[in-house]
Amino acid sequence: MKEKDILSFSCIELVGLFEREFPSIVQGANLSKDWKEFEQFLRGYVRLALTTHSTSSSIKRFFRMFMNETRYIRDFSTGEKIRYEPIKWLWQALRGEGDGIHPDFLLDWYYLFKKYRIDEVVLPDRARCDQWRGRWKTGMDEDVARERRENRERICGLLIGKIEKRDKLNTRYRFEEEMSLERKRELVNEWWGDYKFHLALAVRDPDELNLFMGNTLSPELMKLLLRAKQKGIPFFVTPYYLSLLSIRVDGYDDSTIRSYVIYSEELVENFGQIRAWEKEDVVEPGKPNAAGWLLPNATNIHRRYPEVAIFIPDSMGRACGGLCALCQRMYDFQKGHLNFNLDRLKPTDGWEVKMERLMMYYEHDSQLRDILITGGDALMSQNQTLERILDAVFRMAVRKRELNKRRGKGKKYAEIQRVRLGSRLLAYLPNRVNDGLIEVLKRFREKAEQVGIQQFFIQTHFESPLEVTEEVIHAARCLLEAGWIITNQAVFTVAASRRGHTARLREVLNRIGILTYYTFSVKGFEENYALFAPNSRSVQEVLEEKVCGNLSMELGKEVLELLEYPERIPSELPGLLDKYRQPFLATDRNVMNLPGIGKSMTFQTVGMTKEGKRILRFSLDAGRRHSPQVDHEGNIYIVESKSIAAYLRQLQALGERVEDYSSLWDYAEGRTESRFALFEYPEPRIEITGDFTNLEMDS
């Protein structure tokens with residue numbers, strides 16, 4: 001029986017499968033007068049195996065199914081009370097009495113019983129992992145680059161028509177009267193290297209999107225995108241990023257990056273009712289957020305952990321170089337707080353006064369030593385604006401250091417040690433990294449080092465090796481030469497979660513000098529259903545694919561020594577990988593962001609819904625400090641967005657062999673990986689107080 005056939009089975013067919021393979025289970029269900037009696041039967045069924053399978057993970061999972069006597073859990077993400085009666089539902093389904101029970105529920109039980117009988121996971125060998133990784137193309141492959149050159153020529157022709165229709169008095173990108181077509185094309189090709197040109201000419205409409213994609217979008221998809229426009233979902237795709245997509249029937253597989261541009265049915269349906277997944281981002285004046293932190297306002301500073309707070313400026317940094325379909329701040333686009341009205345986002349006269357006031361939050365906080373400037377996108381701010389923001393950070397860091405001279409031993413506040421700029425423009429618009437930006441970054445680093453700031457990171461977001469182009473390689477090299485280390489955060493979408501894809505991304509990024517930082521499970525509720533990959537797949541990826549990049553102690557030491565000289569990373573890191581016969585460096589951690597809590601992949605599967613969605617009980621990441629407000633949080637239950645079977649059907653639709661994922665059902669628990677040493681904070685030069693400021697604990 002092939003697994004791909006099983007995925008389409010009805011409940012009746014699955015009960016027949018149970019009768020053939022686990023007849024005693026079906027018999028036990030039919031002979032039990034109620035589900036409580038069936039539960040006792042299952043307990044006995046499991047205990048019989050304890051003598052021979054005392055460490056069986058499947059047995060542990062069985063007993064976790066029995067542990068919750070209340071039969072309810074509260075979903076931590078939604079606050080909803082969820083019925084939790086998987087044993088009862090299994091009893092009903094096996095007797096043919098299951099009302100509203102989805103086949104995916106029975107499928108997960110089937111594989112649990114199968115695991116119970118044959119308790120082993122056969123890990124893929126290195127050759128298999130190499131094969132999976134090697135099937136993914138990059139933006140540097142000649143056939144990909146050739147098609148993109150053709151895309152650029154086609155798009156430039158369309159841009160000429162678009163420019164001719166624009167108001168010539170209000171744009172710097174215009175043609176003179178009676179200019180020849182050849183000269184117009186020369187100008188557009190010249191402007192192509194200017195990131196502002198792409199922002200000015202970005203596609204903002206579904207019909208225009210279809211035009212620029214060669215009218216290849218289906219009528220059904222166009223209806224969906226027009227509904228998205230009517231509901232107020234913004235469209236903003238730069239000509240550069242559109243040139244990365246394939247419009248050929250026989251073109252390269254671009255589904256990972258295409259899913260960032262094309263909206264899903266679920267997103268369109270739920271737009272208008274989207275809630276913030278990050279509970280700590282919901283701020284009421286004078287009240288602590290979900291993590292217990294008091295903040296100056298709801299729009300400029302976000303905070304979850306003691307050491308770091310996000311800073312979002314009132315500038316073009318509130319916008320992005322494109323709208324990612326899975327954006328965690330989609331609720332802010334929904335409210336209009338984030339948008340693509342770029343002219344209106346230019347800083348007002350009062351912004352610098354407000355910025356200095358906001359910097360006082362960092363200055364007078366006892367634990368903050370890390371500022372992450374993001375948005376939106378930090379690099380959307382113009383060079384002059386960004387320099388003013390960094391200068392404000394510098395002055396704040398100086399004042400904080402000076403104030404510590406007045407504080408006694410054990411009373412000193414944490415000083416700023418790390419500055420990060422969060423940006424996806426390296427992927428969306430790499431030409432943003434121009435000479436002016438590099439000068440701003442160099443000047444800041446040189447003076448910031450004098451006041452104790454030790455770490456300078458560009459925190460970017462590449463999702464696919466297809467996003468790595470010649471322009472990206474040049475931009476990365478320039479940033480590294482400016483002394484800023486580049487780290488990447490990827491999101492583990494369905495398309496990105498295919499075998500070998502994320503490993504290939506790590507490999508390609510390392511080869512151009514970028515280190516990986518986090519691989520995130522998709523956040524959000526129903527709006528991101530289409531993109532969510534279950535956490536069991538993330539665990540499987542760590543143990544079966546990412547393992548090829550685990551660092552030995554010797555390699556780790558050499559990498560850390562190299563990272564002290566960012567300008568040498570692009571030329572020397574590939575040699576280190578070759579020296580140790582290492583395809584990539586597994587420096588990132590696969591995690592899920594728990595609302596108001598933090599990042600973790602430490603969980604146990606404790607049950608299922610009737611739809612077959614797994615219920616996970618998470619624990620905090622023990623390897624880092626949390627807000628005292630959440631340090632002693634009780635059970636953290638998360639109901640996953642989709643069942644394992646639904647996810648596998650999506651992979652099938654993408655052309656994947658489901659048998660390549662056969663061990664997925666077995667991964668029912670996870671453990672958060674340790675952090676790579678680079679991402680630890682440096683030892684402070686002073687003893688920091690244990691007291692907290694800007695914190696209000698619930699009684």
Can you see whether [X] engages [Y] through a side-chain donor-acceptor pair at a distance of less than 3.5 angstrom?
X	Y	answer
Arg154	Asn151	yes
Glu611	Thr609	yes
Ser497	Glu541	no
Ser255	Arg498	yes
Thr256	His501	yes

Taking the six-membered ring for Trp, are Trp277 and Phe525 ring centroids under 6.0 Å apart? yes

Tell me if the centroids of the rings in Phe340 and Phe333 come within less than 6.0 Å of each other. yes

To the nearest 0.5 Å, tell me how far [X] [atom1] sits from [Y] [atom2].
X	Y	atom1	atom2	answer
His302	Asp281	NE2	CG	5.0 Å
Ile233	Met330	CD1	CE	6.5 Å
Asn215	Met213	CG	CE	10.5 Å
Glu640	Asn535	CD	CG	4.5 Å

For [Y], is there an ion pair with [X] - N to carboxylate O distance below 4.0 angstrom?
X	Y	value
Lys523	Glu278	yes
Glu507	Arg504	yes
Arg148	Glu470	no
Arg432	Asp377	no

Within 45 degrees of the axis of the six-membered ring of Phe175 and under 6.0 Å from its centre: does Arg183 put its NZ or CZ there? no

Aromatic Tyr173 / basic Lys196 pairing, under 6.0 angstrom, 45° off normal: no

Are Asp253 and Lys137 close enough, and set up right, to give a salt bridge (charged side-chain N to carboxylate O under 4.0 Å, His left out), and what steps lead you there? CA-CA 8 Å; Asp253 183 345; Lys137 290 186 173 294; over 6 Å; no

For Glu142, give me all partners under side chain to side chain contact (heavy atoms under 4.5 Å, CB included), at least two apart in sequence or on another chain. Arg146, Arg149

Apply the test side-chain contact (heavy atoms from CB on, under 4.5 Å) to residues Asn289 and Val282: give CA-CA distance (whole Å), side-chain angles for both, the deciding distance (0.1 Å), then the verdict. CA-CA 7 Å; Asn289 70 0; Val282 179; over 6 Å; no

For atom CG of Asp143, decide whether the heavy atoms of other residues, nucleotides or ligands shown that lie under 6.0 angstrom number more than 12. yes

More than 12 heavy atoms of other residues, nucleotides or ligands under 6.0 Å from CD of Glu190: yes or no? yes

Partners of [X] by side chain to side chain donor-acceptor pair (under 3.5 Å), sequence neighbours excluded?
X	value
Thr374	none
Arg227	Glu265, Glu269
Thr460	none
Lys231	none

Start with the C-alpha distance between Gln459 and Tyr517, add both sets of side-chain angles, then the distance that settles side chain to side chain donor-acceptor pair (under 3.5 Å), and finish with yes or no. CA-CA 8 Å; Gln459 196 163 290; Tyr517 183 30; 4.7 Å; no

Quick one, Ser538 with Ser521, criterion side chain to side chain donor-acceptor pair (under 3.5 Å). Give me CA distance, side-chain angles, the key distance, then yes/no. CA-CA 7 Å; Ser538 186; Ser521 293; 4.6 Å; no

So which of Phe520, Tyr518, Tyr260 actually passes ring pair (Phe, Tyr, Trp, His ring centres under 6.0 Å) with His461? Tyr260

Pair Glu266, Lys642 - check salt bridge (charged side-chain N to carboxylate O under 4.0 Å, His left out), show working. CA-CA 13 Å; Glu266 291 81 7; Lys642 64 168 64 95; over 6 Å; no

Go through the steps to decide whether Trp192 and His198 satisfy the test ring-ring contact (aromatic ring centres under 6.0 Å, His included), and finish with yes or no. CA-CA 7 Å; Trp192 187 271; His198 291 271; 4.6 Å; yes

Applying the side chain to side chain contact (heavy atoms under 4.5 Å, CB included) test to Leu505, which of Thr519, Asn488, Thr516 qualifies? Asn488

Ring pair (Phe, Tyr, Trp, His ring centres under 6.0 Å) contacts touching residues 240-259 (sequence neighbours left out): Tyr241-Tyr428

